[in-house]
Amino acid sequence: MNHADAYAGLMAHLRQTAALSGVAGLLNWDQEAVMPPGGAEQRAEQAGAMSAVLHERRSDPRIAEWLDAIDPASLDDAGRANVREARRYHDHAVMIPKELAEATAKATARAHRLWAQARADDDVPAFLPALTEIIGLVRERAQFVAADGQSSYDALLDEFEPGTSASEISAIFARLRAGLTELRQRIADKPREIPTLTGSFARAGQLALAEELAKRFGYDEQSGRIDLVVHPFCSGTRGDVRITTRVDEADPFNCLYSTVHETGHALYEQGLDPALAWQPAGNHVSMGVHESQSRFCENQIGRSRAFCGWLYPRMVDAFGDFGIADADTFYATVNRVAPGYIRTEADEVHYNLHIMLRFELEQALIAGHLAPADLEAAWNDRFAADFGVAVDKPSNGVLQDVHWSAGLFGYFPTYTLGNIYAGCLDAAMRRDLGDVDTEIAGGDTTRPIAWMREKIHRPGAIHLPVELITRATGSAPTEQPLLDYLNAKFGALYDL
């Protein structure tokens, strides 16, 4: 087999696999957004069947033959990335038995319904059997794919953030934790009375404003839609990118900032290079980089003084007098620092402490140092130590996140990596573009998003995460730009 025929055969196979993977994604979106409860068992069978088909395609022995016949030196950067990613996917797939892939897909599909009901009922024991089964399956998967000398957790982490390890993440998290706890203490030592929102904020008004926010950031609604779910997420790519949000009539920020967050994810997917569609090189490179886009939109732009000044009068238009006197007070309310139970509602000072808690607990679960039956107590103890508050109910604690019911162990640390990357990217963007706050104050995010499109979206997975961020910013990612941003922002807000 010659090089050209091998590469063409590989790319045709990968194209169809990517299309089928998109179908599996639509099944998952449907399950969380619109599927009736009675469809859960059918969906488990459908998810298992799709997983089996995808596993067969990814482990197809022809992939190894094509890869062996391809000369990477004759390819461009995108072609070499296609070969790199195809080899990584194939190596993982051939290590995992088809039966395990199918069993995992069925178990997680069933577990989603059980988790949602347990969360609604604050009933941890009702979810424990499903969680225990999933942890067992995930451990088994990790043992199959772990390289020589690689821990099970690192093998799982590599699926979400290739090229990193738990030890590397732990080191950067330790430095970040020290800076965050120091900032939190400074704020606690010099409290400021900042109002919170009170009253009722109509569902229709929240959704209308959420849709306007998505458009302001550049979300193409002709290539997507917005729906309501229990736990917001983004699904799809390029011409079909769907975002979801949720509504709490006592807290419009939940809806509005969840929407901006998921819009950041959607912009990444809608901004991928169309010339690389259906190719591994044309995918997002990692979940940490993906998260950098959502957190940049949500925090560095969406919670900025400039953007809050634009948003405030629109809040008044949507809800009337809601008890906040002016745009400056509104900005302070949006950025109010206080320990809270819910990760997705946490302020920027506390958010990463939520992630570090999960990162440490899931490492212990996968290593077998923590039994699932002891997880709730371990969570509550760790939360009380980190936040100084006792967890009042499981839906505010161990049952709040969907990730473990979906088998997504190794995913949580990518959230904080995303914040770290966002800090680096924001500093570089402002260095390159100069004053963007005047435009943002007018609700115009065009230039910052265009910068991200050039530096992050279009390159796709041609470069691995650290190289991509380094190319975009001019230096390797560290926690320092994020800490500098947080100290400047909250130092001014709290007059530290």
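Keep in mind the model is a prediction, meaning the values are calculated, not measured.
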Between [atom1] on residue [X] and [atom2] on residue [Y], distance to nearest 0.5 Å:
X	Y	atom1	atom2	answer
L157	T414	CG	OG1	8.5 Å
N28	R43	CG	CZ	9.0 Å
L425	K455	CG	NZ	10.5 Å
I462	R84	CD1	CZ	9.0 Å
Q363	I169	CD	CD1	8.5 Å
L361	F383	CG	CZ	12.0 Å

Between [X] (side chain only) and [Y] (backbone N and O only), is there a donor and an acceptor less than 3.5 Å apart?
X	Y	value
S51	G48	no
R139	L365	yes
D401	H403	no
Y219	V241	yes
Q206	F201	yes
Y257	G302	yes
D273	G282	no
E262	C234	yes
R458	G271	yes
Y153	A364	no

Evaluation steps, ring-ring contact (aromatic ring centres under 6.0 Å, His included), between F359 and F412: CA-CA 6 Å; F359 173 56; F412 273 123; 10.0 Å; no
I want to check something: taking the side chain as every heavy atom from C-beta on, are [X] and [Y] in contact at a cut-off of under 4.5 Å?
X	Y	answer
I456	I469	yes
Q300	P448	no
L207	E211	no
V391	Q400	no
F217	V260	yes
L311	L209	yes
R119	V230	yes
F253	T333	yes

Under 3.5 Å, is there a donor-acceptor pair linking the side chains of [X] and [Y]?
X	Y	result
H265	S294	yes
R110	S405	no
E161	S286	yes
Q270	D220	no
N352	T416	yes
T245	T259	yes
H457	Q293	yes
R242	S235	no
N419	E291	no

Mutual orientation of the aromatic rings belonging to W115 and H112 [parallel < 30°, tilted 30-60°, perpendicular > 60°]: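 Ring orientation of W115 relative to H112: tilted.
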Plane angle bin for H354 and F387 - parallel if under 30°, tilted between 30 and 60°, otherwise perpendicular: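 Correct class here is tilted.
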Worked check of side-chain hydrogen bond (donor to acceptor under 3.5 Å, both in side chains) between H290 and E269: CA-CA 9 Å; H290 226 310; E269 294 293 338; 2.7 Å; yes
Exceeds 12 heavy-atom contacts within 6.0 angstrom, atom CD of E221: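 Yes.
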Tell me whether [X] is salt-bridged to [Y], with the criterion being a basic N under 4.0 Å from an acidic carboxylate O.
X	Y	answer
E348	R303	no
D240	R238	no
E249	R203	no
E212	K215	no
R177	D386	yes
E102	K106	yes
D347	R336	no
D227	R225	yes
R141	E159	yes

Shortest non-hydrogen contact between [X] and [Y], atoms and distance:
X	Y	result
H463	E467	ND1-OE2, 3.4 Å
S395	I342	O-CD1, 3.9 Å
V138	G407	CG2-O, 3.9 Å
C297	L267	SG-CD1, 4.1 Å
Y268	V285	OH-N, 3.2 Å

Face-on cation placement of R343 at Y415 ring, 6.0 Å and 45° thresholds: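 The answer is yes, since R343 meets both limits relative to Y415.
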Sole candidate of E360, E362, E376 that passes salt bridge (charged side-chain N to carboxylate O under 4.0 Å, His left out) when paired with R382: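 Filter result, single survivor: E360.
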Working for side-chain hydrogen bond (donor to acceptor under 3.5 Å, both in side chains), residues D154 and S165: CA-CA 5 Å; D154 279 352; S165 68; 4.7 Å; no
